[in-house]
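From a predicted model like this one, the values you see are computed outputs, not experimental measurements. Note on naming: letters A, B, ... go to the chains in the order of the sequence lines (proteins, then strands), and numbering restarts at 1 for each one.
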2 protein chains.
Amino acid sequence: MVDLETSTEKRILEAARKIFIQKGFSGGRMQDIANEAGINKALLHYYYRNKETLFEVILSDSLRNMLPRVSEIFDGEGSLQDKIRAFVNAYLSFMIEDPSLPLFILNTLHSQSNRSISSKFQEIVGQLPYGKFRDEITAAVNKGVIRPIDPIQLILNTLSLCLFPFLAKPAFLMVSHLSEASYKQMLLKRKADVADFIIDALRPE
Amino acid sequence: MVDLETSTEKRILEAARKIFIQKGFSGGRMQDIANEAGINKALLHYYYRNKETLFEVILSDSLRNMLPRVSEIFDGEGSLQDKIRAFVNAYLSFMIEDPSLPLFILNTLHSQSNRSISSKFQEIVGQLPYGKFRDEITAAVNKGVIRPIDPIQLILNTLSLCLFPFLAKPAFLMVSHLSEASYKQMLLKRKADVADFIIDALRPE
DNA sequence: GTCTATATATGGATAGAC
DNA sequence: GTCTATCCATATATAGAC
């Protein structure tokens, strides 16, 4: 069992990630992070200058994780419908691995719109080939393989259907009285359901 | 111009609401609230015992606002399609008035799952006639007026499409470089688009 | 009811021993 | 690299005058 306890630096990151995602920037205490990592507060400052630095490292990582390799999906062959199905599948699979990420990121963007965070977000999200998406949707509409729809609204709808259940997870669990396990089960089922829903909505008249 | 400046108590609530929605519980400072209300810190404690009390008042109000009178919509006559259209319309209109509410509430539920907040949330949200929704969807499926769909997924899809744009507003603005005005314009257009999208998705084969 | 002044607690950050 | 002890700024909360 060599190296099962990873380096202190790594453990700090994992602890900070957990705490910040749970409680946000101002809600997360350095003491909480130190406890979670099983080390002393002072060590946090040894490895990372201050709370803000630590937070930004976590956020950058999260943002980079949030950006899945969706470009490939839209680069490949196949109908728009196939690509939508592949996208929904990939996106939901990814989020199921890390369910608190979306709320953490939206939340940060909402409350800290002043910092360098905005530019980091734009830098990362700017790599997504939105233009490509839009063009492909427009082309499909013109060819009549899907019904007419504003490309922006379709993209927004797809993201809504993929992300909302994760954002609303706590509320959903409270209302539905589902267990964690059943919730995960529902999300897995949702992969197919969401793709069907979108594709059905796009059927030409 | 009599009474344009409402009572201090009311002004405090408005100020607290603004600050808490903007910065959350731990991020919002009592001093910020006092400044925003144009009064002294001590007065906050005079009217509300402490920060936590003040926060809970705000949250309760918000939760009650979040719950529109949707029951009536589903009590009335008309097809399921008509009701969905009415629901989406009412829900989006309401949210456009108060765009930060959804994120505030989800966020609070996420980070404070311990407090009395959970029970308050359940109490309020428990009044929604979910059973009625479910039954009506199931009936429509059986009659063949809509294609087969899991009622839970349809409800979740509808809420996703209505709420997500508000949750993701900051991210959306950053990516799209839209102005506040264009954003609001897009949301207004979305009322019809979302209803169309759902109803199209439900067309029988 | 509203203010100023102050007590008290908390949390981020640093100094310095080991 | 890791700890203990401590400093200092900030934030909540209270006391007491007006």
Side-chain angles (χ1 to χ4, degrees), chain A residues 1-61 104 107-108 111-112 114-117, chain B residues 1-60 104 107-108 110-112 114-117:
Chain A
M1 288 299 182
V2 192
D3 216 7
L4 227 188
E5 50 171 352
T6 39
S7 73
T8 304
E9 193 168 355
K10 196 76 206 296
R11 285 224 316 287
I12 290 177
L13 279 185
E14 281 165 16
R17 189 180 150 74
K18 176 170 175 182
I19 296 299
F20 281 139
I21 283 188
Q22 210 169 69
K23 312 192 178 181
F25 176 72
S26 38
R29 305 283 165 233
M30 294 296 265
Q31 186 63 58
D32 298 340
I33 296 172
N35 292 344
E36 181 70 30
I39 50 114
N40 191 277
K41 255 200 312 180
L43 261 193
L44 298 179
H45 292 91
Y46 174 79
Y47 283 104
Y48 305 90
R49 187 177 321 286
N50 53 31
K51 189 181 178 181
E52 197 154 315
T53 304
L54 185 49
F55 183 80
E56 291 198 9
V57 172
I58 302 300
L59 183 73
S60 296
D61 282 4
F104 171 66
N107 200 21
T108 305
S111 54
Q112 324 247 339
N114 34 357
R115 276 175 229 274
S116 65
I117 284 172
Chain B
M1 289 298 182
V2 192
D3 215 7
L4 227 189
E5 48 171 352
T6 40
S7 72
T8 305
E9 193 169 355
K10 197 77 207 299
R11 286 225 314 288
I12 291 178
L13 280 184
E14 281 164 17
R17 189 179 149 73
K18 177 170 174 183
I19 296 298
F20 281 139
I21 283 187
Q22 209 170 68
K23 310 193 179 180
F25 176 73
S26 37
R29 305 284 166 228
M30 294 294 265
Q31 186 64 58
D32 298 340
I33 296 173
N35 291 344
E36 181 70 29
I39 50 116
N40 190 276
K41 258 198 310 179
L43 261 194
L44 298 180
H45 292 91
Y46 174 78
Y47 283 104
Y48 305 90
R49 188 179 319 287
N50 53 32
K51 187 181 180 181
E52 197 154 315
T53 304
L54 185 50
F55 183 80
E56 290 197 10
V57 172
I58 302 301
L59 182 72
S60 297
F104 171 66
N107 198 23
T108 304
H110 181 249
S111 55
Q112 323 248 340
N114 36 357
R115 277 175 229 272
S116 65
I117 284 171

Between the main-chain N or O of I58(B) and the side-chain N or O of R17(B), is there a donor-acceptor pair closer than 3.5 Å? no
CD1 of I33(A) versus P of dG12(C): gap in Å, rounded? 8 Å
Among dA13(D), dG11(C), dT14(D), which nucleotide has an atom closest to any side-chain atom of R29(A)? dG11(C)
Minimum-distance nucleotide (side-chain atoms of L43(B) versus dT2(C), dG12(C), dA13(D)): dT2(C)
Got a second to check how far H45(B)'s NE2 is from N40(B)'s CG, nearest 0.5 Å? 10.5 Å
To the nearest angstrom, the CE-P distance between M30(B) and dT10(D) comes to 18 Å
Enter the distance from K41(B):NZ to D32(B):CG here, rounded to the nearest 0.5 Å. 10.5 Å
Just the rounded figure in Å: distance from P of dG12(C) to CG of N35(A). 12 Å
Taking dA13(D), dC3(C), dT2(D) as options, the one with an atom nearest any side-chain atom of I39(B) is dC3(C)
Nucleotide dG1(D), atom C1' - distance to CD1 of I12(A) in whole Å: 10 Å
In whole angstrom, give the distance that lies between atom NZ of K41(B) and atom P of dA13(D). 10 Å
Does G28(A) reach a base, just sugar-phosphate, or nothing at all? Heavy atoms under 4.0 Å. sugar-phosphate
Could you tell me whether the phosphate oxygens of dC3(D), OP1 or OP2, come under 4.0 Å of any side-chain nitrogen or oxygen in Y46(A)? no
When the aromatic ring centroids of F55(B) and F20(B) are compared, is their separation below 6.0 Å? yes
Roughly, in whole Å, what's the span from CD in Q31(B) to P in dT10(D)? 12 Å
Which of these nucleotides, dT14(C), dG1(D), dA13(D), is closest to any side-chain atom of H45(A)? dT14(C)
If I take atom CG in residue D32(B) and atom C1' in nucleotide dT10(D), what distance separates them, rounded to the nearest angstrom? 12 Å
Measure the spacing between CD of E9(A) and CG of L43(A) and express it to the nearest 0.5 Å. 11.0 Å
dG1(C) OP1/OP2 closer than 4.0 Å to side-chain N/O of T8(B): no
Which nucleotide sits closest to the side chain of N50(B): dG1(D), dT14(C), dA13(D)? dA13(D)
What integer distance in Å separates F20(B):CZ from dA11(D):P? 13 Å
Among dT2(D), dA13(D), dT4(C), which nucleotide sits nearest the side chain of N40(B)? dT4(C)
What nucleotide, of dA15(C), dG12(C), dT2(C), holds the atom closest to the side chain of A42(A)? dA15(C)
